[in-house]
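Reviewing the structure listed below.
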Amino acid sequence: MADSRDLDFSYSLIDRIFRLSLGELADFSGAKYDGDFSLTLEQAQARKHDYVAEQIGIGPGRRVLDLGCGWGPLLNDIRRRGATGVGVTLSSAQAAACRRHGLDVHLRDARTVTAETFGGGFDAVASLGAFEHFCSPQDYAAGRQEQVYRDLFANIAGLLPPGGRLYLQTMVFGPQMIPIEEVSIDAPRDSDAWYVALMQRQFPGSFLPFGQEQIVRTAAPSLTLVSSVSGRLDYIETIKQWRSRFGERSPQKLLLKLRLLPHWLTSADFRLAFTSGVSANSVCFERELLEHHRMVFEKPAV
Ligand SMILES: C[S@@+](CC[C@H](N)C(=O)[O-])C[C@H]1O[C@@H](n2cnc3c(N)ncnc32)[C@H](O)[C@@H]1O
């Protein structure tokens, strides 16, 4: 699993720049354009929230758990709909930002949440853009990937009533993924092997599932797949919008970027991850080295 140091690298370091660029409580996962790229990023993220709410039943009186809640966009939407949301994240900056907005967020490993953790179960569970971090390259190398996923799904099923639903949105390795042994940052620039390696530098400690098949298979003992929709092309547009927002200049952002200069000078990983000038994820989606799925699961009635 990506640990809190890894996630601080990916999320806490850029916390203020992120919030200045995208706004407080902004989403940091693929939006739902459904191919209509005339929508604004905010409209497409709102469309995603509507979809999640409809799929897992978020409404007045419902209690919903968000595993890997980021800066709290879904929790905010849950609150707006009159439901009660609880979130977990491993980024201390995100937890602090969420709490400033009155959201019930805990610094805790999503994989260890059980019915005892928050004093009972939940009517529904959501996890957007976090599953990517639950298995580490070390877990994969040790042959533990499937076990990590199986344990997580068993825990989630333990939180839900029969018929209760999980919304899971995640990247996976896509149909054109190359053999893992070929992935290398020393491979020729612009090769598939280089782009996947660059993506891994941006998200250290994280390793993706091999297609949705692996997710469905490992969930099967606990949860049944209801539906799955590809969000790959929508994700490419989301990244395009993020990059243009991050690129908008402001004196505050300039100051924050200057404060990151020591990291830039001392860490080759930081330079590669944040200033290499390319979006590895976007290229990987275009080349179908990556896929993206919006999946809905249900706990079978006994
Ligand atoms: C790409 S962000 C997505 C955030 C949010 N769900 C959204 O849609 O904006 C990934 C989130 O997963 C969290 N995360 C990753 N691994 C985690 C773990 N094991 N336990 C809790 N949170 C985790 C990170 O801290 C971060 O908040």
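Values below: all heavy atoms of this structure, side chains included; hydrogens, waters and symmetry mates excluded. Indexing begins at 1, ligand by ligand and atom by atom, following the structure's order. Residue numbers run from 1 in the order of the sequence given.
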Any donor-acceptor pair under 3.5 Å linking the side-chain atoms of Tyr235 with those of Glu237?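 Distance-only check fails for Glu237 and Tyr235.
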
Spatial distance of atom OG (Ser279) from atom NZ (Lys240) [nearest 0.5 Å]: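 Output value for this atom pair is 12.5 Å.
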
Separation of Ile58 CD1 from Arg62 CZ (nearest 0.5 Å):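 The CZ atom of Arg62 sits 8.5 Å away from the CD1 atom of Ile58.
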
Does ligand 1 have any atom that is closer than 4.0 Å to a heavy atom of Arg108?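 Contact present.
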
Once you restrict to heavy atoms under 4.0 Å, what part of Phe134 touches ligand 1? Side chain, backbone, both or neither.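 The answer is the side chain of Phe134.
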
Are Leu208 and Leu290 close enough, and set up right, to give a side chain to side chain contact (heavy atoms under 4.5 Å, CB included), and what steps lead you there? CA-CA 9 Å; Leu208 298 180; Leu290 287 185; 3.2 Å; yes

Output the list of atoms in ligand 1 that are nearer than 4.0 Å to some heavy atom of [X], sorted by atom number.
{"X": "Ala110", "value": "18 (C), 19 (N), 20 (N), 21 (C)"}
{"X": "His133", "value": "10 (C), 15 (C), 16 (N)"}
{"X": "Pro73", "value": "9 (O)"}
{"X": "Asp109", "value": "18 (C), 19 (N), 20 (N)"}
{"X": "Asp27", "value": "9 (O)"}
{"X": "Leu128", "value": "3 (C), 4 (C), 5 (C), 6 (N), 8 (O)"}
{"X": "Gly70", "value": "4 (C), 5 (C), 27 (O)"}

Can the positive tip of Arg63 be found less than 6.0 Å from the middle of the six-membered ring of Phe122, inside 45° of the ring normal?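 Checked: cation-pi criterion met.
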
In a check of side chain to side chain contact (heavy atoms under 4.5 Å, CB included) between Leu75 and each of Asp104, Val86, Asp66, which one passes?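 Result: among Asp104, Val86, Asp66, Asp66 is the only option passing the side chain to side chain contact (heavy atoms under 4.5 Å, CB included) with Leu75.
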
